[in-house]
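A short write-up of the structure that comes next.
In what follows, chains carry the letters A, B, and so on, assigned in the order in which the sequence lines appear, proteins first and then strands, with residues in each chain numbered from 1.
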Amino acid sequence: MKKNLLLILLLLCGLPGFGQETEKLMDKLNRGQKKHFLLFCQIQMATKDGKADHQKVFEAYVSVIAESCKVTQPQYQKIADNLQERADKALMNGRNEIAERVGKVAKIYTDMSQSQLNIMKAYEDKNTEATHQTLSQMQALETLMNNNRLKTLERDWLFPAEAEQFLLQSLGSKK
Amino acid sequence: MKNKQGHNKERGSALLMTLGVLALALILAMSFAFTSRASRTISKVNADMIRARLLAQSGLNRLIAAMYNDNVNTPGYYLARKGGNLDFTGSITKSDAVIKYLNMGGDSSDASETENSLHAILARHDNYAKQLYTGCSGFAPTGFQTYFDDEGKVMGRIGFVVIEESGKIDLNQVLNLRTEANNMPFVWADNPRIYHGTGTFNAATDFYYNILWGYQPGTQVDETNTQRVGLHMQELRVAASYLSALPATSVANRKAQWMSYDHLLNSISYTANNTTFDDDILHYTFFSGEEPEAYWDQSAETAVPGTGERQRFDITGYEWRDDALGSYYTTAGGTHPNPATSGWQHPSESGTANASAYARSLAAALRSGSQPFWNTSVDPPEPADVNRISGATIPADFSGIPWLNTLQPDSVRPQVAANLVDYCDSDSWATIPNTVTWTSTTEPEYCGNEKVPYFNEVALAVVAEKAVTLTPDYTFRLRIIPRVELVHIFGPPGPTGDLHSGDFQVRIIGTYQLIDNMGTIIHDDPLNQIFSFSNKPDVKSYSYDMTMVNPTDPSTIVYEETRSDDIDGATFNLHITQVIMISGTVNNEDQIKDYGFWAGDVTTSIMATTTPHQTQYASLEVADPRFNHRSDSWAWYGGGTVFSPNIAHHTIFTNNSNFNPQNDGTNTTKDIETFTGLALNSTFSTAFIRNAPMESLWELGAIHRGAPWQTLNLRSFGTTGNYADGDAMILDQVKIGPVKFSRGKYNANAINPEVCNELLSGIHLMSPYDDVTTWNPTPPTLPGTITWKPVSEFRGQIANTLAAWGGTTDQRIEAWIGRTANLLSTRNDCYTIFVVAQAMQELPGIDATNFSAVRDSVINPTAYNVSGTDRYCSILATQILRAHLVRDAWRNTYQIVQQRYLE
């Protein structure tokens with residue numbers, strides 16, 4: 001697997017125009033995300049060649065996400081619980097506006113936690129449809145959190161749409 | 001004077017002489033008178049005796065006439081026991097054995113006239129009647145019919161007693177009177193009867209009844225080593241002393257026969273206390289009638305009188321095969337029936353177009369009507385030979401099994417016929433219409449069940465792939481990845497029972513589209529995906545085997561396109577309208593092992609994504625794999641949810657979700673099995689294919705009936721042809737072997753529970769079809785209340801009674817009837833008749849007041865009541881006639897087997 005990843009990386013880096021711009025793009029990714037992206041690229045190439053086993057693709061790509069979620073989901077849940085606690089206190093203190101605002105944020109974190117649970121379940125069930133839907137929801141939540149400057153936990157994987165966009169950007173820069 | 005004196009001396013001699021002559025004359029006269037008187041007395045006694053004898057003879061004729069004339073009310077056939085006919089109301093019982101008797105006449109002797117009652121007279125003069133009277137219960141006939149002269153005086157009376165013996169077993173037919181080796185009952189070629197001569201079985205030409213189940217016709221049959229298969233009466237076991245007690249004959253190794261009840265009762269050789277036959281008196285008889293191996297077709301009889309008897313179909317194939325084929329047997333491992341020379345398959349080819357055509361022709365011919373039994377072109381008529389197959393040509397007027405063309409619904413008829421052919425032939429190539437090929441797409445009318453793995457489930461993974469790669473370019477792909485489950489429903493477990501599926505292919509037909517998120521159709525094509533599998537390993541007994549296609553195999557690709565622009569929301573719409581499975585030898589329509597077919601319309605939509613690849617799962621399951629060639633036997637897993645993203649949306653390696661046989665006996669549309677819900681590796685009790693000719697009628701119950709969980713229903717008798725009403729009628733239309741006449745079969749209309757029970761002894765319900773070597777010494781437990789079904793001309797009707805006698809599965813319940821039917825008759829009724837005729841003279845001037853005063857001074861006085869009036873008579877002479885009679889219930893004819901006046 002590692003050997004294949006290296007080959008993909010070398011292949012990508014060896015392409016004309018894939019040099020500095022790509023490197024800049026890659027710099028935006030952490031180590032895990034880079035690895036996940038390379039896996040994505042490998043899947044794309046295998047898929048194009050008709051050599052991608054749908055179950056192996058699922059296993060390889062989603063297992064990284066599911067494993068990561070096992071770690072981040074309790075953290076998201078803890079944040080959500082703390083926020084909810086604060087919201088409850090604010091409500092008890094009659095600070096209704098703050099309570100409402102904090103409560104909404106807590107809800108977002110709770111949803112994120114739930115999505116991560118859903119991902120783990122979908123992975124366990126090998127359910128591609130649920131995986132796809134949940135990842136889309138999770139990505140939308142994360143965008144929402146980013147837009148509202150809410151703290152997101154670092155993840156060492158990429159959403160498929162993110163990876164696809166990233167790949168297109170890379171290829172676009174190649175042009 | 002001297003002379004005168006001398007003359008005087010001679011004077012009295014004349015007188016003396018005269019006196020002497022007179023005395024002599026007197027003596028002579030007295031002698032004549034005495035002689036005359038004696039002669040007159042003798043003449044009178046003789047006249048009385050003759051009068052009594054004539055009365056007895058007329059009594060017998062009257063009795064037969066009474067039985068015969070009842071036919072007016074029930075034309076065609078009738079049985080004496082049938083309601084509304086002769087009234088056999090008397091019951092003679094001993095333990096659970098019961099035989100019925102009829103006593104005509106209502107005039108009975110006075111209670112004090114014990115010595116003149118009918119049963120007392122019989123008991124005094126006949127051992128059999130005595131044993132019935134003293135050793136059993138219920139035999140006490142009393143009624144006479146009285147005959148009067150012109151003056152209204154009693155001139156005689158007749159007592160009629162008819163004992164129905166049909167519910168007994170004829171010892172002479174159950175015993176094997178040939179006591180040497182090689183004494184298995186067999187039929188000599190071209191001989192219509194079981195062979196009883198001094199010759200021995202010849203495997204090259206003859207047919208034998210494998211009643212030892214050892215396939216060794218040279219083995220000696222005795223009364224302890226037979227098996228209860230349902231082939232021949234000799235397989236019933238009776239006490240060996242019944243054979244040893246018989247004297248030898250002048251022919252070596254031949255025993256004499258039992259000749260009479262006296263013979264049986266008087267034999268001292270049974271046991272030390274000589275009670276064997278006393279105990280068995282209601283079980284066994286010594287006589288029976290011969291009957292044609294024919295079944296009764298009332299419609300044929302009505303159309304053409306005399307043709308109601310029709311040929312039974314020999315399920316062994318011996319009778320109708322081309323007899324130029326040589327021996328019916330193969331000697332490998334014993335003398336087994338050889339399918340290749342049985343007529344059940346092409347005589348020389350297998351897996352060829354000719355062999356396929358032969359199987360199809362035979363399956364069609366099996367559904368033909370049957371020939372009349374009698375050849376009426378000769379006088380007297382003889383049993384007709386059935387029309388034989390010649391070479392590979394099946395005659396147009398082949399004598400088949402009409403019941404097959406009665407089955408409902410009509411569509412199952414060719415299927416059942418094909419199943420029969422494939423059960424009995426030795427190959428593994430299914431009998432299937434010649435329109436079916438490896439590329440055909442129509443539902444086959446039939447597909448015979450062979451002993452092969454069957455298609456049981458096809459699980460599909462439908463994958464929509466999208467790839468973004470260099471340039472950039474975009475690849476869209478639709479795949480269908482099948483997994484095919486085969487099931488091996490046959491035993492035995494273990495390597496020897498494994499089955500080879502050979503090559504097979506699955507074909508999926510339908511349409512598919514590629515659309516964008518606006519619904520614009522980008523691609524629209526028919527779907528015709530073929531997945532081929534070759535040289536698959538054997539499937540283990542009673543287990544599933546799954547074969548899957550490599551998910552990246554090119555054969556899985558339905559659609560594939562690489563383009564430079566993306567398709568927003570690229571989605572595949574898939575319609576599947578047919579799934580066709582076929583196994584055998586690729587592209588050889590004459591070597592098809594199994595054929596699965598489903599048609600309908602199921603659809604799914606899947607968006608193509610880069611990762612993970614969207615996948616939908618669907619699984620097509622067959623309810624009963626023996627019936628997988630018909631679309632309505634298949635259903636998609638999940639009910640209304642055909643496609644699911646759940647990878648576990650299938651039942652590979654477990655029972656199908658629509659595998660739903662019944663086990664509680666309440667569903668009359670399915671066989672009864674022991675399954676409780678879904679159980680891994682469950683199979684059917686009737687899952688058995690011999691790949692050789694049937695060896696008992698029981699095996700008919702293993703023939704699949706062309707609907708899920710239905711095999712031929714031997715558990716019930718009906719005439720509609722519906723499964724629920726039963727198929728036991730077929731048991732009348734088939735036979736084992738080529739015999740044209742049989743003797744001593746048990747009358748299915750008789751009601752003798754203990755003998756019925758004895759008839760079933762030895763049948764072990766746990767025995768499989770191919771091994772009946774376990775003799776069950778415990779007879780079936782009779783139900784508390786036995787519901788005896790109405791009498792019938794069909795022996796199969798006994799199914800309705802026996803089905804209640806136990807068994808937990810279809811196979812086991814059918815064992816009772818299937819392993820008994822060929823031992824049953826409905827035709828011959830056996831009777832023992834006693835006619836007690838007495839010449840009588842009414843005593844003048846005698847009534848109740850003075851009868852006792854004169855009874856010591858008259859010969860054989862008796863007082864009895866005639867229609868309410870006391871009559872006082874002298875019995876002048878008594879004649880007792882005992883006759884053993886066989887009545888043909890179908891033709892209403894009578895044959896006196898034995899007749900005797902008892903002294």
task: Salt-bridge test for A/E100 and A/R95: reply yes if a basic N is under 4.0 Å from a carboxylate O, no otherwise.
output: no
field: Partner chain A: residue of B/S644, B/P612, B/P645, B/A648 with the largest heavy-atom pair count (under 4.5 Å)
entry: B/P645
query: Looking at B/W438, B/F533, B/Y454, which hits ring-ring contact (aromatic ring centres under 6.0 Å, His included) with B/F504?
result: B/F533
field: Toward chain B, the part of A/Y61 with a non-hydrogen atom under 4.5 Å
entry: side chain
Option in B/K466, B/R477, B/Q616 with maximal non-hydrogen atom pairs under 4.5 Å from chain A: B/R477
statement: Exactly one candidate in B/F476, B/Y512, B/F643, B/Y559 meets ring-ring contact (aromatic ring centres under 6.0 Å, His included) with B/F572; the answer is B/Y559
Ionic contact status for A/K48 with B/D473, cut-off 4.0 Å: yes
query: Has the side chain of B/D525 got a donor or acceptor atom that lies under 3.5 Å from a matching backbone atom of B/T511?
result: no
message: Is A/A163 close to chain B through its backbone or its side chain, or both, or neither, when contacts mean heavy atoms under 4.5 Å?
response: neither
- prompt: Between A/G50, A/A161, A/A52, A/A130, which shows the greatest number of heavy-atom pairs under 4.5 Å with chain B?
  reply: A/G50
- request: Indicate yes or no: at least one non-hydrogen side-chain atom of A/F40 is less than 4.5 angstrom from one of A/L158.
  value: no
query: Quick one: what part of A/E164 sits under 4.5 Å from any heavy atom of chain B, side chain, backbone, both or neither?
result: side chain
query: So which of A/E59, A/K51, A/H132 has the largest heavy-atom pair count under 4.5 angstrom toward chain B?
result: A/H132
Polar side chain donor-acceptor pair, B/N655 to B/Y544, under 3.5 angstrom: yes
- request: Against chain B, label A/D53 side chain, backbone, both or neither, depending on which of its atoms sit under 4.5 Å from a heavy atom there.
  value: both
- prompt: Is it true that the NZ or CZ of A/K78 lies under 6.0 Å from the centre of A/Y76's six-membered ring and within 45 degrees of the ring axis?
  reply: no
message: At a 4.5 Å cut-off on heavy atoms, which part of B/T475 comes close to chain A: side chain, backbone, both, or neither?
response: side chain
- request: Check whether B/V468 gets within reach of chain A through its side chain, its backbone, both or neither, counting any heavy atom under 4.5 Å.
  value: both
- line: Looking only at B/I481, B/T562, B/T609, most heavy-atom pairs under 4.5 Å shared with chain A are made by B/T609
